[in-house]
S.K.: 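Once you've had a glance at the structure underneath, I'll fire off some questions.
Letters A, B, ... mirror the listed sequences (proteins, then strands); counts begin at 1. Note that the coordinates shown come from a computational prediction; the quantities given were computed from them, not determined experimentally.
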Number of protein chains: 2
Amino acid sequence: MLSFAEENYLKAIYHLSEQTGESVSTNAIADTLNTKAASVTDMIKRLSGKGILSYQKYKGVQVSEKGRKAALQVIRKHRLWETFLVEKLKFNWDEVHDVAEQLEHIKSPLLIRRLDEFLAYPKYDPHGDPIPDENGEYKSKPQVPVSSCDVGRSVIVVSVQDDSPEFLQYLDKIGTYIGAKIRILDKVGFDGSMEVQIDNKKTVFISREVSENIWVTD
Amino acid sequence: MLSFAEENYLKAIYHLSEQTGESVSTNAIADTLNTKAASVTDMIKRLSGKGILSYQKYKGVQVSEKGRKAALQVIRKHRLWETFLVEKLKFNWDEVHDVAEQLEHIKSPLLIRRLDEFLAYPKYDPHGDPIPDENGEYKSKPQVPVSSCDVGRSVIVVSVQDDSPEFLQYLDKIGTYIGAKIRILDKVGFDGSMEVQIDNKKTVFISREVSENIWVTD
DNA sequence: AAAAATTTTTAGATTAGACTAAATGGTATA
DNA sequence: TATACCATTTAGTCTAATCTAAAAATTTTT
Ligand SMILES: [Mn+2]
Ligand SMILES: [Mn+2]
Ligand SMILES: [Mn+2]
Ligand SMILES: [Mn+2]
């Protein structure tokens, strides 16, 4: 049984290892969790002891198979709760993440099974992220960042890679949502910003940072 | 902001003070929480420091107005979650308490407001206990324990005073539920047990302990 | 390849919350 | 009123999770 803190470390490390593919550094973990490297060293020793991570001094950590399974269950709970908050309790997509950070640590297999059933087995959460099933299996839709799309193309928003309220409220403001159509009008070489039209309506300039966090498909 | 442990102590102390009316002893708290008296002394010092309890050495504690308000909010959350689990996720009434013990500590005023709305502002939880509103107000139905009812009377079950799975499963077995009709057939002076008929069907003997934990109205 | 810079680990301290054992206060009883 | 008994508090220890400062390992620069 993992503690809240252990689950939070595991989740962060799992996400980092997915992004990079390589072993995860102490500092990278400290940065994403807003803790100090010394605290991370302590915790990764504890998690290695539990067989969740494999770890060699000064060489970073890797998530074990057992760790991967555990991480996916926490992610499953996080995303199911986010879906519940939006679908049933009428939360906006920018209001759910912090509450889900708490709810994801509730321990009750029955609760999660019933919640999943109540939501009719959703496959994606309000941010377009896939929800793993009880066995940790999930399917991501093929998708690329808007930043990599050529001028002239029309694409559909599939997911957002940042679930901070600031980013999501900005997307609300420019009329972007999961399923919205985005037409690429122009690319500015200088700073990588783009001119796009959303749902055949508003035409806006979006920064490189924004275009990297909106993922789309044809 | 109270920690999980602080909220659990507060809730236990509040319930004890409601039962007895008087100031609550260190040992009574230790007993209900399955901790040691020394741990309780530590915690009640901390809670006094926060203005939640008033405390004089060797004289027990009392819950302050601030403490009462906080306790009722935790109780509100506990009972709303129990109601959610039964009404929406099809939990049986004996399965909800332990999960609600976890869920009651989630911090999000919006979540609780929306949950209350989603459940259509329920007044009573699955065990017949009243659910305080946002201001801590609630109305209990007039009720007495079956043990105090005279032979020959017919009464309706309003609440149960014990929410352990063991007790609730026993009630399921003898066909008793909130709203069930109980007719008092006989009282045994020797051990205080009673013979009762439930919903004009099953006739059973219930122990004094059971009859004290089923509360009823005419 | 040596020096410098950076990353990581270790050592030691702190806080919340728990425990055991010992000391102390309060109450009942002879 | 002295003694015994029980309740409560204090003192000291432990673990999880955090921190700072210092030491050690690794990586980058010269
Ligand atoms: Mn999230
Ligand atoms: Mn999400
Ligand atoms: Mn309960
Ligand atoms: Mn209840």
S.K.: With a 4.5 Å cut-off on side-chain heavy atoms, are I174(A) and L171(A) touching?
M.R.: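 A side-chain contact exists here, since the closest heavy-atom pair is under 4.5 Å.
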S.K.: Hey, does E212(A) have a side-chain heavy atom less than 4.5 Å from the side chain of Q161(A)?
M.R.: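 No, side chains not in contact.
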S.K.: Write out all pairs satisfying ring-ring contact (aromatic ring centres under 6.0 Å, His included) with one or both partners inside residues 102-140 of chain A, taking only residues at least two apart or from two chains.
M.R.: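 Sorted pair list: F4(A)-H105(A).
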S.K.: Identify, between S3(A) and A37(A), the residue whose nearest nucleotide on DNA chain D lies closer to the 5' end.
M.R.: S3(A)
S.K.: Closest approach to the side chain of A38(A), judged atom by atom: which nucleotide of dA21(D), dT20(C), dT8(D) is it?
M.R.: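 My answer, after comparing the listed nucleotides, is dA21(D).
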S.K.: Go through dT8(D), dT20(D), dT20(C) for me and flag the one nearest to the T26(B) side chain.
M.R.: dT8(D)
S.K.: Nearest to the side chain of K57(B), heavy atoms from C-beta on, is which of dT9(D), dT8(D), dT10(C)?
M.R.: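 Out of dT9(D), dT8(D), dT10(C), the nucleotide with an atom closest to K57(B)'s side chain is dT9(D).
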S.K.: Can you see if the side chain of T41(B) gets near the phosphate of dT8(D) - specifically, an N or O under 4.0 Å from OP1 or OP2?
M.R.: no
S.K.: Of the nucleotides dA18(C), dT10(C), dT10(D), which has the atom closest to the K45(A) side chain?
M.R.: dT10(C)
S.K.: For Y58(B) and dC6(D), is the shortest distance between a side-chain N/O and OP1 or OP2 below 4.0 Å?
M.R.: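 Looking at the OP1 and OP2 atoms of dC6(D), neither is under 4.0 Å from any side-chain N or O of Y58(B).
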S.K.: Reckon F4(A) touches a base, only the sugar-phosphate, or nothing at all at heavy-atom distances under 4.0 Å?
M.R.: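 No contact.
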S.K.: If I take atom CD1 in residue I44(A) and atom C1' in nucleotide dT10(C), what distance separates them, rounded to the nearest angstrom?
M.R.: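 The distance from CD1 of I44(A) to C1' of dT10(C) comes to 13 Å, rounded to the nearest Å.
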S.K.: Could you work out, with side chain to side chain donor-acceptor pair (under 3.5 Å) as the rule, every residue matching Q19(A), not counting sequence neighbours?
M.R.: none
S.K.: Counting only side-chain heavy atoms from C-beta out, which of dT26(D), dC19(D), dA18(C) sits nearest to K59(A)?
M.R.: dT26(D)
S.K.: Near DNA chain C, which residues from residues 12-25 of chain B have a heavy atom under 4.0 Å away?
M.R.: none
S.K.: Does the side chain of Y55(A) get closer than 4.0 angstrom to OP1 or OP2 of dT8(C) through an N or O atom?
M.R.: no
S.K.: Rounded to the Å, how far apart are Q56(B) CD and dG25(C) P?
M.R.: 16 Å
S.K.: In terms of side-chain heavy atoms of A5(A), which of dA18(C), dG25(C), dT18(D) is nearest?
M.R.: dT18(D)
S.K.: Looking at dC19(C), dT9(D), dT7(C), which one has an atom nearest to any side-chain atom of N27(A)?
M.R.: dT7(C)
S.K.: CG of L33(A) versus C1' of dT18(D): gap in Å, rounded?
M.R.: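 So the two atoms are 13 Å apart, to the nearest Å.
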S.K.: Considering the options D133(B), D116(B), D125(B), which one meets the salt bridge (charged side-chain N to carboxylate O under 4.0 Å, His left out) requirement together with R76(B)?
M.R.: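 With R76(B) as partner, salt bridge (charged side-chain N to carboxylate O under 4.0 Å, His left out) holds for just one option, D116(B).
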S.K.: Nearest whole Å is fine: how far is dA16(D) P from H105(A) NE2?
M.R.: 18 Å
S.K.: Please report, rounded to the nearest Å, how far the P atom of dT15(C) is from the CG atom of D42(B).
M.R.: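 In whole Å, dT15(C) P and D42(B) CG are 14 Å from each other.
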S.K.: E6(B) vs K11(B), test: salt bridge (charged side-chain N to carboxylate O under 4.0 Å, His left out). Steps then yes/no.
M.R.: CA-CA 9 Å; E6(B) 287 170 334; K11(B) 198 161 55 107; over 6 Å; no
S.K.: Please confirm whether F84(B) and F84(A) have ring centers closer than 6.0 angstrom.
M.R.: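 Here the rings of F84(A) and F84(B) have centres that are less than 6.0 Å from each other.
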